[in-house]
Amino acid sequence: MKFFVDTADVSEIRALSETGLLDGVTTNPSLIMKSGRPILEVTKEICEIVDGPVSAEVTAVGFKEMMREADILSKIADNIAIKVPLTMDGLKACKALTSDGRMVNVTLCFSANQALLAAKAGATFISPFIGRLDDTGLDGMELISEIRTIYDNYDFETQILAASIRSVNHVKQAALIGADVATVPPAVLRALVKHPLTDKGLEAFLADWAKTGQKIA
Ligand code: G3P
């Protein structure tokens with residue numbers, strides 16, 4: 001499973017990238033707003049840190065304007081994945097951009113049929129929003145599972161990018177189902193490494209080691 005980080009915070013991205021565990025980055029208009037920085041400037045900086053796909057989202061709702069914005073975003077770096085919303089215009093833009101060799105992430109997916117359309121439009125990534133479905137009382141993970149089955153039925157190459165992840169359990173469930181990618185907020189990504197028994201075990205090893213008076217040298 002690939003790990004993308006869901007943020008436009010450059011210092012977080014740099015720190016996580018240094019761990020070697022990061023395969024890409026996803027941003028959206030809300031995350032750009034949170035960063036407080038101009039989209040082109042901050043996205044360029046992210047692309048310089050991370051070699052993998054960096055999703056940058058168009059903000060237009062009409063096809064023509066989406067294509068114009070996509071053209072500007074594409075010029076930032078070769079590893080830009082254009083993010084388009086799951087609308088008819090977004091799917092049309094997806095088809096045009098992927099036919100042109102661009103990576104496209106179709107976002108705001110809340111149903112299996114929407115994911116089927118995105119795959120037919122040649123999407124590189126489909127982003128089903130787990131947490132936001134859970135928020136409405138539905139089961140976001142069920143959607144990941146349905147999409148996995150549909151994509152496998154037809155050998156679609158579109159990668160399932162589990163998004164709107166809120167917990168370490170979301171990551172585990174998405175991995176068990178076979179999502180190709182999880183885009184994870186920095187705090188959740190860091191929480192994946194934590195286990196109280198690891199901390200306790202390490203503490204005991206270090207205490208015993210100190211008693212030996214030895215050094216590895
Ligand atoms: O990148 C989009 C998605 O991950 C947003 O998550 O927590 O705002 O629903 P959230």
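Counting starts at 1 for both ligands and their atoms, in listed order.
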Would you give the length of the straight line joining atom OG of Ser145 to atom CE of Met141, rounded to the nearest 0.5 angstrom?
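Rounded to the nearest 0.5 Å, the OG-CE separation comes out at 10.0 Å.
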
Note, Gln173 side chain near Asp139 side chain (heavy atom, < 4.5 Å)
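The answer is no, as the side chains (C-beta and beyond) never meet within the 4.5 Å cut-off.
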
Connected via hydrophobic side-chain network under 4.5 Å: Met103 and Leu108
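Different hydrophobic clusters.
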
Close-range residues for ligand 1, whose non-hydrogen atoms fall below the 4.0 Å threshold:
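Its neighbours under 4.0 Å (heavy atoms only) are Asp6, Asn28, Lys83, Phe129, Arg132, Ala163, Ser164, Arg166, given by chain and number.
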
By the ring pair (Phe, Tyr, Trp, His ring centres under 6.0 Å) test, which pairs, at least two apart or in different chains, include something from residues 168-217?
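Residue pairs passing ring pair (Phe, Tyr, Trp, His ring centres under 6.0 Å), neighbours aside: none found.
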
Under a 4.0 Å N-O cut-off, is there an ion pair linking Asp9 with Lys34?
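A salt bridge is absent here (no side-chain N lies under 4.0 Å from a carboxylate O).
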
What heavy-atom pair brings Phe156 and Leu116 nearest, and what distance separates the two atoms?
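Phe156 and Leu116 have their closest heavy atoms at CE1-CD1, 3.6 Å.
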
